[in-house]
Amino acid sequence: MTSRTQLVKALFGELAQDVKSYQQLATQLKHQQTLLVNRDSQALLTHNVQLQELMQQLSNNAHKRSNYLETLGVSADDAGMKRLLAALPAQFNQQGNQLWQQLYQLTLQCQELNNANGRVLAQQKQMIDKLLKPEQQYCYGPGC
């Protein structure tokens with residue numbers, strides 16, 4: 001087995017791990033939304049620590065993936081991954097494309113879940129602002 005083959009296998013292992021991690025992130029983001037809606041600030045504090053740890057792991061994995069791609073002689077982006085996959089034998093090409101596509105879909109799902117959580121926070125902030133500063137509700141001039 002060549003070192004190039006070992007690198008590709010390691011890259012596929014990282015992709016498979018990322019798929020699992022992003023599935024976990026999606027689950028955690030859904031749970032975060034429940035905590036936000038229920039305004040469970042104590043549970044949110046604990047949950048956010050776990051979320052930060054997972055985000056750090058995902059960042060580390062992305063860095064490893066970039067290193068693998070660069071070591072294999074392609075750019076560390078979607079185009080580089082597709083170029084690498086296209087150069088592989090059919091079986092590995094199919095496996096790699098499946099992992100890459102699954103990872104891409106999960107990142108989109110997590111992005112949407114995160115955006116939804118941001119909207120919940122913005123709505124809560126707007127409600128709190130109305131309660132704490134009712135005089136600004138109808139202010140249209142400078143300094144409002």
Side-chain angles (χ1 to χ4, degrees), residues 1-134 136-137 139 142-144:
M1 182 180 328
T2 68
S3 71
R4 189 168 171 80
T5 303
Q6 290 171 332
L7 283 172
V8 170
K9 285 188 175 191
L11 175 63
F12 281 14
E14 289 295 323
L15 289 174
Q17 179 58 48
D18 278 345
V19 166
K20 289 178 186 176
S21 294
Y22 271 97
Q23 288 169 336
Q24 184 180 0
L25 178 60
T27 300
Q28 285 198 13
L29 288 169
K30 289 174 188 175
H31 181 63
Q32 183 183 47
Q33 186 173 41
T34 301
L35 295 174
L36 288 168
V37 168
N38 293 330
R39 295 182 189 96
D40 190 344
S41 59
Q42 198 60 38
L44 270 168
L45 290 173
T46 303
H47 178 76
N48 286 343
V49 169
Q50 295 169 350
L51 200 56
Q52 285 292 350
E53 290 171 2
L54 181 56
M55 294 301 294
Q56 184 60 51
Q57 177 188 342
L58 287 167
S59 176
N60 292 341
N61 289 355
H63 184 71
K64 284 183 198 176
R65 187 172 54 248
S66 293
N67 287 339
Y68 284 130
L69 289 170
E70 289 171 356
T71 302
L72 288 164
V74 295
S75 58
D77 57 13
D78 183 55
M81 180 64 82
K82 288 179 178 175
R83 193 171 130 219
L84 173 69
L85 294 173
L88 296 175
Q91 174 190 0
F92 295 112
N93 176 297
Q94 182 180 3
Q95 179 188 5
N97 272 315
Q98 182 179 7
L99 284 169
W100 189 240
Q101 192 60 258
Q102 192 175 8
L103 182 59
Y104 176 73
Q105 292 301 320
L106 283 166
T107 59
L108 291 178
Q109 178 187 8
C110 288
Q111 183 178 26
E112 181 51 41
L113 288 167
N114 190 55
N115 289 342
N117 290 352
R119 288 188 294 272
V120 170
L121 282 171
Q123 289 170 347
Q124 288 176 348
K125 182 186 180 314
Q126 187 177 33
M127 184 183 352
I128 288 171
D129 285 347
K130 284 182 182 180
L131 291 172
L132 295 177
K133 302 173 188 173
Q136 288 187 359
Q137 287 183 20
C139 183
C144 296

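This structure is a prediction, so every number in the text was calculated from the model and none was measured.
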Could you check if a side-chain atom of [X] sits within less than 4.5 angstrom of a side-chain atom of [Y], using non-hydrogen atoms only?
{"X": "Q32", "Y": "L36", "answer": "yes"}
{"X": "Q124", "Y": "L121", "answer": "yes"}
{"X": "L106", "Y": "Q109", "answer": "yes"}
{"X": "D40", "Y": "H47", "answer": "no"}
{"X": "L51", "Y": "L29", "answer": "yes"}

What orientation do F12 and F92 show, parallel under 30°, tilted 30 to 60°, or perpendicular over 60°?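 Ring orientation of F12 relative to F92: tilted.
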So does Q105 have more than 12 non-hydrogen atoms from other groups sitting under 6.0 Å from CD?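 Yes, because the 6.0 Å sphere around CD of Q105 holds more than 12 heavy atoms from other groups.
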Could you check whether atom CD of Q23 has more than 12 heavy atoms from other residues, nucleotides or ligands sitting under 6.0 Å from it?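 For Q23, atom CD is crowded (more than 12 foreign heavy atoms under 6.0 Å).
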If every non-hydrogen atom of [X] is compared with every non-hydrogen atom of [Y], which pair is closest and at what distance?
{"X": "N61", "Y": "S21", "value": "ND2-OG, 4.3 Å"}
{"X": "L113", "Y": "A26", "value": "CD1-O, 3.6 Å"}
{"X": "L85", "Y": "N93", "value": "O-ND2, 2.6 Å"}
{"X": "R83", "Y": "G73", "value": "NH2-O, 3.7 Å"}

With rounding to the nearest 0.5 angstrom, report the [atom1] to [atom2] distance, [X] to [Y].
{"X": "Q17", "Y": "L58", "atom1": "CD", "atom2": "CG", "answer": "9.0 Å"}
{"X": "N114", "Y": "L25", "atom1": "CG", "atom2": "CG", "answer": "8.0 Å"}
{"X": "L72", "Y": "L84", "atom1": "CG", "atom2": "CG", "answer": "5.5 Å"}
{"X": "L69", "Y": "E14", "atom1": "CG", "atom2": "CD", "answer": "11.0 Å"}
{"X": "L132", "Y": "K125", "atom1": "CG", "atom2": "NZ", "answer": "9.5 Å"}
{"X": "Q95", "Y": "K9", "atom1": "CD", "atom2": "NZ", "answer": "9.0 Å"}

Compute whether any side-chain donor of one residue and acceptor of the other, for S66 and E70, lie under 3.5 angstrom apart.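 No, no side-chain donor-acceptor pair sits under 3.5 Å.
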Compute whether any side-chain donor of one residue and acceptor of the other, for N48 and Q52, lie under 3.5 angstrom apart.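 Note: N48 and Q52 side chains miss the donor-acceptor criterion.
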I'd like to know if the side chain of R65 reaches the main chain of L11, judged simply by a donor and an acceptor atom lying under 3.5 Å from each other, with no hydrogens or angles considered.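 A pair under 3.5 Å: no.
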Evaluate the side chain to side chain donor-acceptor pair (under 3.5 Å) criterion for residues Q111 and N115: first the C-alpha distance (whole Å), next the side-chain angles of each, then the deciding distance (0.1 Å), finally the verdict. CA-CA 6 Å; Q111 183 178 26; N115 289 342; 5.5 Å; no
